[in-house]
Protein chains: 2
Amino acid sequence: MPLDFRKKQILQAIVDDYIESAEPIASKSLVSKHDFHVSSATVRNEMADLELMGYLEQPHTSAGRIPSDKGYREYVDSLMHVEELSNEEAQEISQRMTDSVEELTGLLRKASSALAEQTGYMSLALSPRLHKSYLTQLKMMMIEPGKVLVVVVLSAGVVKDRLVRIPDFLNADQVFQISRAIESGLCGKSLEEITLVTVTTAARDAHLPDSLLNQILYEAYTAIKQADNLEIYMDGTNHMLSFPEFHDNNRARGLFDTLSKDGIIAGYVNEVGESSTTPSYMIRIGQEIQLVGLHDCSFITTTYNVGDKIAGNIGVIGPKRMDYSKVISQISFVRTTINDQLKKLKEANGGTE
Amino acid sequence: MPLDFRKKQILQAIVDDYIESAEPIASKSLVSKHDFHVSSATVRNEMADLELMGYLEQPHTSAGRIPSDKGYREYVDSLMHVEELSNEEAQEISQRMTDSVEELTGLLRKASSALAEQTGYMSLALSPRLHKSYLTQLKMMMIEPGKVLVVVVLSAGVVKDRLVRIPDFLNADQVFQISRAIESGLCGKSLEEITLVTVTTAARDAHLPDSLLNQILYEAYTAIKQADNLEIYMDGTNHMLSFPEFHDNNRARGLFDTLSKDGIIAGYVNEVGESSTTPSYMIRIGQEIQLVGLHDCSFITTTYNVGDKIAGNIGVIGPKRMDYSKVISQISFVRTTINDQLKKLKEANGGTE
DNA sequence: TGTTAGCACTCATACATGTAGAGTGCTAAA
DNA sequence: TTTAGCACTCTACATGTATGAGTGCTAACA
């Protein structure tokens, strides 16, 4: 039993109004605001139907109605129309993100902050999933005896480094030999293929005694592996407190308790983001979000690209009552801006990938 | 007019009880809980005196009394007794912070997280003020044509790096010459002495045409300068929502709005932390904190050391009604743990400073 | 002079009651 | 199928009252 035209019209109007007011919508206020050419009584009947079909909910008998998760879902899937971002807004975002050319981390930080600011909700950016990307360089730079900076360069031009401690007696020359051996042994291998064993095997070519090698291999290994750590940048969490749905302290607490465990959020986004079936963005509404404390929220994520395949996510979290169409256009714009910036960063160095 | 012994005793008891209960303290409950050997009426008289003197406040006529900022101040300055941390707790913190030897950033992150967890309040850690530290090494590592990793090593063993874009046509050899010229020219200069001019002057020794140099000097300069950026790591902000003083949405909002601007917090801590007159910790109570939204909070900070002089701060923010004595012992312990860890990191490389 | 018992007073809270307003559901008629 | 009209329900708000907590004051006592 699909919704007929008028029902759709009414549902859309209710969601639109509710997004704006956060108050249950009454039949009377609907007809006065939108011109349906029918009376409030008729609308009332339709609303009763919509409730029966599960698209609406009623907080109590004599209140107006609010959209259910299913109602929002219908709205998002087929009722709302996403408009292009206005020029001013696009420019504002663009400006914030391109004022200085940055490496990936800085770019993601800026993207997240711009998203939070522009949407008024909270935003997040996830570092790319790099386990499929492969090692192109591994350098070790001796800082002092006993202290080495391990620089890992991956396909797609991502550079990560890590300061590690090694035994004092290793000299710069030995370190160099080791790093060259590992590099030539592992170059072209993807992060997920690299294990402590493969590192050890590769390092053997340095022709140094095992007793020496053992002391540094593990450090090298973790330095490589940590390049794949998911990092998450969140912003605008404070905005959430200003929405009536989180005026209640318990709800606010539930939300912030979960948000404080950013590993959980990162893992979740990573999961839903990776299973990216088709669309350029992905929406999760209310109960669809499998995270405690986020059942009153909606989640919009999209994917940006580093190189051809490697991808990370950006997203916006707001109340279920968020302005979906606007957020979608904003997030899409940020996404293309990230992609453009990354491409620009990469163009310079003729196809490392 | 200093407080006589009994007034002190009563004030202390009130603060202690209020810290625990968050409810205004009544004369009757005081005498039943603490054995003052006087009746509630007498205590009442004393409490009226204390209020007159500004140490207590009364939310309304028929309520008990709560400490004023001045009351907390007296309590903190001369009434409370700080105990040593229990062995278990010390061990717990120690364990969290020493499970793997880390460079500075990681250590601060862990310190902050341990503090938040153990106190139940929110915590922060500030990267050290490095403008007095001096450059000991500057390396540029060519990643790809057009992409260079600038590694800055400072006295006190701090290593910072930054990925920068340079013109494609500069080759590895030229980059090496430039970095060596800058390094030898600026080595031993403190960060605050280094300017774009000194960098330019130093770079001249590379004997490369100005047209080439100009393209990379600014990047090198910002890479050096950003080593001095204050970074702040906050943790446990979500805990604040669980205190009754922040059940009110407006207060919570005020707090979180300020917290979201971490530059503001960092700047403030840096300021009060730098003017460190004498004590090993510094306490700001309520209105003493010159930050909007933090007037219901108290702030305890202390200083950790990197090398002899260079220092950063760690701190705890909680409701005014926080458990001062406990937090002080916890924060002190974290501080010494940081210092120990940093010393351990440094010991290995015989006196770079 | 310090201490205390006793009592009047104040205020917050909880609860019951009444009322107005908003909004629905139902019914009967168009 | 639509609509006007009305009864019904629920919330929000105001009002009044009882209750309890806690103080401030006073007068008596040691």
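Letters A, B, ... are given to chains in the order of the sequence lines, protein chains preceding strands, and every chain is numbered from 1. Values reported hereafter were calculated over all heavy atoms of this structure, with side chains retained and with hydrogens, waters and symmetry mates removed. Keep in mind the model is a prediction, meaning the values are calculated, not measured.
For B:Lys33, the side chain to side chain contact (heavy atoms under 4.5 Å, CB included) partners are B:Asp17, B:Glu20, not counting sequence neighbours. Residues meeting the salt bridge (Lys or Arg N to Asp or Glu O under 4.0 Å) test with A:Asp235, sequence neighbours left out: none. For B:Phe299, the ring pair (Phe, Tyr, Trp, His ring centres under 6.0 Å) test picks out B:Tyr268, with sequence neighbours left out. By the ring pair (Phe, Tyr, Trp, His ring centres under 6.0 Å) test, B:Phe243 pairs with B:Tyr121, sequence neighbours left out.
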Pair up each side-chain donor or acceptor in residues 56-67 of chain B with any protein partner under 3.5 Å, not counting sequence neighbours, and list the distances.
from: B:Gln58; atom 1: NE2; to: B:Thr61; atom 2: O; distance (Å): 2.9
from: B:Gln58; atom 1: NE2; to: B:Ala63; atom 2: O; distance (Å): 3.3
from: B:Arg65; atom 1: NE; to: B:Glu51; atom 2: OE1; distance (Å): 2.6
from: B:Arg65; atom 1: NH2; to: B:Glu51; atom 2: OE1; distance (Å): 2.9

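Residue pairs satisfying the salt bridge (charged side-chain N to carboxylate O under 4.0 Å, His left out) criterion with at least one member in residues 288-300 of chain A, sequence neighbours excluded, are listed as follows: A:Arg73-A:Glu288, A:Arg251-A:Asp296. For residues 9-34 of chain B, the pairs satisfying ring-ring contact (aromatic ring centres under 6.0 Å, His included) are B:His34-B:Phe36, with sequence neighbours left out.
Atom CZ of A:Arg6 and atom P of D:dT3 are 8 Å apart (whole Å). The CG atom of A:Asp49 sits 11 Å away from the P atom of D:dT1 (whole-angstrom rounding).
A heavy atom closer than 4.0 Å to some atom of DNA chain D occurs in no member of residues 31-42 of chain B.
The residue among A:Asn45 and A:Ala26 whose nearest nucleotide of DNA chain C lies closer to the 5′ end is A:Ala26.
In the 5' to 3' direction, nucleotides of DNA chain C lying under 4.0 Å from heavy atoms of chain B begin and end at C:dT3 to C:dA12.
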Between the protein and nucleotides 9-13 of chain D, list the N/O to N/O atom pairs that are separated by less than 3.5 angstrom.
from: D:dT9; atom 1: O3'; to: A:Thr61; atom 2: OG1; distance (Å): 3.4
from: D:dT9; atom 1: O2; to: A:Ser62; atom 2: OG; distance (Å): 3.4
from: D:dC10; atom 1: OP1; to: A:Thr61; atom 2: OG1; distance (Å): 3.3
from: D:dC10; atom 1: O2; to: A:Ser62; atom 2: OG; distance (Å): 2.9

Report each atom pair, protein N/O against N/O of nucleotides 28-30 of chain D, whose distance is under 3.5 angstrom.
none

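From one end of the helix from C:dT1-D:dA30 to C:dA30-D:dT1 to the other, with five pairs defining each end axis, the axis direction shifts by 20° (rounded to 10°).
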